[in-house]
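The next block holds one structure in the form of structure tokens; read it before the comments.
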Amino acid sequence: DFEYVGRDGSLVEYRARSLTPPARAANLGRHLLQLPWFLRNVLVKVAIVTRLRPLARLLRHDGSTWPY
């Protein structure tokens, strides 16, 4: 069992630990809260690769640097 501790940019930290069923549910919830951040980065990457810079700007990404 691994517990999600958090992230810094794209670096995620986990801690090895036995989790009770309620702790597993809370752990899943913490993961799901990060889903919008992940999806935004995937869309920015698609916009950069397909050269759709206006879409990247719409997603509040500046420049052509690769997001995390």
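A salt bridge (Lys or Arg N to Asp or Glu O under 4.0 Å) check over residues 35-48, counting only residues at least two apart or in different chains, returns nothing. Applying the salt bridge (Lys or Arg N to Asp or Glu O under 4.0 Å) test to residues at least two apart or on different chains, the pairs with a partner in residues 27-39 are E3-R30.
What you find for R24 and D1 is that their closest heavy atoms are NH2-OD1, 3.0 Å. For the pair L33 and P36, the tightest heavy-atom approach, listed with the atom from each and the gap, is O-CD, 3.4 Å.
Residues meeting the side-chain hydrogen bond (donor to acceptor under 3.5 Å, both in side chains) test with N41, sequence neighbours left out: none. With sequence neighbours excluded, the residues satisfying side chain to side chain contact (heavy atoms under 4.5 Å, CB included) with L55 are A47, L52, L58, L59. For L35, the side chain to side chain contact (heavy atoms under 4.5 Å, CB included) partners are F38, L39, not counting sequence neighbours.
Interatomic distance, CG of N27 versus CG of L32, reported as 10.0 Å (0.5 Å rounding).
When hydrophobic side chains of Ile, Leu, Val, Met, Phe, Trp and Tyr are connected at separations under 4.5 Å, Y4 ends up clustered with F2, V12, Y14.
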